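First comes the structure, then the notes that go with it.
Computed from a predicted model, the values in this text were never measured in an experiment. Below, chains carry the letters A, B, ... as their sequence lines are ordered, and counting in each starts from 1.
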Amino acid sequence: MKDFYLEIKHICKQTGARYGVLHTPHGDVEVPMFMPVGTLATVKTLSPEELIGMGSGVILANTYHLHLRPGEDVLSKAGGIHKFMNYPGPILTDSGGFQVFSLMDNRKISEEGVTFKSHLDGSTLEFTPEKVIAIQEKIGADIIMSFDECMPYPVEYEYAKKSVERTLRWAQRGQQAQLRDDQALFGIVQGSDFADLRQHSAVELTKMNFPGYAIGGTSIGEPKDVFIKMIEQSVPFLPEDKPRYLMGVGSIDFLLEGISRGIDMFDCVLPTRIARHGALMTSIGRVNIRDAKYKEDFSPLDANCDCYTCNHYTKAYLRHLYISEETFGKRLLSIHNVRFLISLMEKARRAIKDDRFGDFKKEVYQSFVGDKGF
RNA sequence: GCGAACGUGGUGAAGUGGUUAACACAUCUGGCUGUGAACCAGACACUCGUGGGUUCGAUUCCCAUCGUUCGCC
């Protein structure tokens with residue numbers, strides 16, 4: 001599809017980090033980029049205006065959850081997800097592959113697809129690669145994802161091998177089922193932490209010539225060295241000129257490690273979820289706003305942050321709102337965390353352009369106080 | 001003044017003649033990674049109003065005392 005392509009503008013001379021512009025039907029966005037997650041067509045507590053104001057590019061929504069409610073026909077009748085939720089920028093829908101992992105107790109996998117038992121009413125839902133594409137075409141995002149199996153970690157080699165092969169067949173089936181030509185369908189590399197499987201997965205997907213590639217099956221509880229291994233086992237076998245999307249990554253260290261290894265896109269619920277639970281990402285590391293030590297701390301959350309929350313409110317006030325379970329507190333904390341990661345990406349892009357991403361990464365780590373990093 | 005009931009952690013409260021005194025809330029502390037998550041986990045009463053007695057052993061039984069509440073003059 002002609003409206004969708006990655007323009008790589010610079011590759012950092014210190015690392016493999018890439019700076020570029022991703023062209024989409026809903027505008028151009030710079031990479032590396034962090035994509036906030038709005039599973040049910042809303043990034044929890046935040047308005048589209050706020051997101052755009054924070055510099056957000058792509059946001060995510062979820063096929064499985066939107067299929068359950070309100071149903072893709074509603075999205076279709078609304079004129080697509082952009083109109084439905086009033087988000088003017090690019091949107092990506094995840095395929096439901098992550099739910100194959102997260103809803104493991106309520107699903108069965110076969111060659112044909114996955115049978116879920118709805119977590120809402122217990123009804124049976126058949127997800128096939130073809131159906132998942134059809135749903136995503138009705139939802140109408142700019143980027144859609146192949147249906148895959150996100151495997152748990154660790155898994156037996158034999159199982160991983162079977163799963164990877166099946167996910168490859170699903171990718172092909174999904175691609176063949178695609179009718180619309182204005183949505184970029186991404187393939188997803190799997191293979192757990194097995195080098196040959198990751199390579200095989202990446203090589204075979206590349207042969208199918210997708211407009212973009214994702215690396216899945218990471219950040220599901222594996223140790224950091226395994227996480228890095230999974231990236232390094234995948235990236236070298238993906239085409240240079242296509243966007244690379246590392247799924248489910250949102251902690252500061254994982255983001256930086258991903259960028260330095262040539263990843264362009266990341267998504268994660270982490271900033272929004274932990275914000276609602278009172279945890280904040282700051283330039284000096286993690287802050288748990290509920291801690292008693294902030295009761296009379298009238299300084300901003302992060303002196304180095306330019307977000308609305310840090311510009312207008314104190315830790316003491318934010319703590320008060322959190323302890324009192326006020327909705328406004330969850331909004332202010334979400335605003336901070338999302339802006340923090342978007343801002344981190346802006347700084348990362350600057351560093352890449354200046355050929356000093358390696359130094360930048362070190363500086364970020366060094367600014368963490370104690371072991372309170374992410 | 002008389003009668004009755006009750007006195008258990010910050011709060012509301014279970015409970016038993018015998019190992020670590022429920023539970024909830026509050027408080028404190030962690031965790032959360034393609035959202036089944038405004039969620040989950042852990043900590044928190046050297047002690048059951050006070051004094052004495054019975055008993056091998058009392059928060060639990062008895063007496064006294066203080067306090068609270070209710071009822072009656």
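The side chain of R290(A) contributes no N or O atom lying less than 4.0 Å from OP1 or OP2 of G31(B). A close approach under 4.0 Å does not occur between any side-chain nitrogen or oxygen of Q99(A) and OP1 or OP2 of G34(B). Contact check, N62(A) against U35(B): a side-chain N or O comes under 4.0 Å of OP1 or OP2. Distances shown here put a side-chain N or O of S102(A) below 4.0 Å from the OP1 or OP2 atom of G36(B). Within the 4.0 Å cut-off from OP1 or OP2 of U35(B), at least one side-chain nitrogen or oxygen of T39(A) is found. Checking the phosphate oxygens (OP1, OP2) of C32(B), no side-chain nitrogen or oxygen of R276(A) falls inside 4.0 Å.
The closest side-chain donor-acceptor pair between D148(A) and T167(A), if any, does not fall under 3.5 angstrom.
Using a 4.0 Å heavy-atom distance criterion, L92(A) is classed as making no nucleic acid contact. L103(A) comes within 4.0 angstrom of a base, heavy atoms only. Using a 4.0 Å heavy-atom cutoff across all strands shown, T272(A) reaches at least one base atom of the nucleic acid. In this structure, I323(A) reaches the sugar-phosphate backbone alone: every heavy-atom distance under 4.0 Å involves primed, P, OP1 or OP2 atoms, never a base. Within the 4.0 angstrom heavy-atom criterion, no nucleotide atom of any strand lies near R69(A). Nucleic acid contact for G217(A): base, since at least one base atom lies under 4.0 Å from a heavy atom of the residue. Nucleic acid contact class of A279(A) (heavy atoms, under 4.0 Å, all strands): base. Heavy atoms of Q190(A) sit under 4.0 angstrom from at least one base atom.
Rounded to a whole Å, the CG atom of L185(A) is 15 Å from the C1' atom of G34(B). Remark: C1' of U27(B) and NZ of K295(A) are 10 Å apart, rounded to the nearest angstrom. As a whole-Å value, the separation of L40(A) CG from G34(B) C1' is 14 Å. As rounded to whole Å, 12 Å separates atom P of G34(B) from atom CZ of F254(A). Spacing between atom CG of D291(A) and atom P of A43(B) amounts to 18 Å, rounded to whole angstrom units. Computed from coordinates, the L318(A) CG to A38(B) P distance equals 19 Å when rounded to whole Å. In this entry the distance linking NZ of K44(A) with P of G34(B) reads 12 Å, nearest Å. If you measure from atom CE of M145(A) to atom P of U35(B), you get 11 Å, rounded to the nearest angstrom.
Taking atom C1' on both C23(B) and G9(B), the two are 13 Å apart, rounded to the nearest angstrom. The gap from the C1' atom of U16(B) to that of G10(B) amounts to 25 Å, rounded to the nearest Å. On the C1' atoms, U50(B) is 40 Å away from A41(B), given to the nearest whole Å. Distance check on atom C1': A43(B) versus A4(B) gives 42 Å, rounded to whole Å. U29(B) and C44(B): their C1' atoms are spaced 11 Å apart (whole Å). Straight-line distance between the C1' atoms of A13(B) and G7(B): roughly 13 Å, to the nearest whole Å. Spacing between A14(B) and U60(B) at atom C1', rounded to whole Å, works out to 13 Å. With P as the reference atom, C63(B) and G3(B) are 14 Å apart, rounded to whole Å.
Remark: of the listed residues W170(A), F98(A), Y64(A), F186(A), W170(A) is the sole one forming a ring-ring contact (aromatic ring centres under 6.0 Å, His included) with F147(A).
For F237(A) and H200(A), the gap between ring centers reaches or exceeds 6.0 Å. Aromatic rings of H23(A) and Y5(A) (six-membered ring for Trp) have centroids within the 6.0 Å cut-off, being under it. Between F298(A) and Y317(A), the distance from one ring center to the other does not fall under 6.0 angstrom.
At distances below 3.5 Å, at least one donor-acceptor pair connects side-chain atoms of Q183(A) with backbone N or O atoms of A141(A).
Side-chain atoms of D267(A) stay outside donor-acceptor range of the base of G34(B), with no qualifying N/O pair under 3.5 Å. With hydrogens and angles ignored, no donor-acceptor pair closer than 3.5 Å exists between the side chain of R273(A) and the base of G31(B). Not a single donor-acceptor pair, N or O on each side, falls under 3.5 Å between the base of G31(B) and the side chain of N288(A). Between the side chain of D148(A) and the base of G34(B) there is at least one donor-acceptor pair of N/O atoms closer than 3.5 Å.
Residue whose closest nucleotide on RNA chain B sits further toward the 5' end, between R319(A) and V269(A): R319(A).
Both geometric conditions, a ring-centre gap below 5.5 Å and a plane tilt below 30°, are not fulfilled together for H65(A) over the base of U35(B).
Applying the Watson-Crick and G-U wobble criteria (two distances, each under 3.5 Å), C39(B) pairs with G31(B). Pairing for G17(B) is absent, judged as Watson-Crick or G-U wobble with the two contacts each under 3.5 Å. Here C44(B) sits opposite no nucleotide as a Watson-Crick or G-U wobble pair (both hydrogen-bonding atom distances under 3.5 Å). The nucleotide A4(B) finds its pairing partner in U69(B), both defining distances of the Watson-Crick or G-U wobble pair being shorter than 3.5 Å. Of the nucleotides present, none pairs with G57(B) by Watson-Crick or G-U wobble criteria with both distances under 3.5 Å. Pair assignment for C25(B) gives G10(B), based on Watson-Crick or G-U wobble hydrogen-bonding distances that are each under 3.5 Å.
F34(A) pairs by the ring-ring contact (aromatic ring centres under 6.0 Å, His included) definition with nothing, not counting sequence neighbours.
Identified under the ring-ring contact (aromatic ring centres under 6.0 Å, His included) test for residues 246-290 of chain A, with sequence neighbours left out: F227(A)-F254(A).
Salt-bridge formation is detected for the pair K361(A)/E257(A): a Lys NZ or Arg NE/NH1/NH2 atom is positioned less than 4.0 Å from an Asp or Glu carboxylate oxygen.
Side-chain atoms of E325(A) lie closest to A26(B) of the nucleotides U33(B), G36(B), A26(B).
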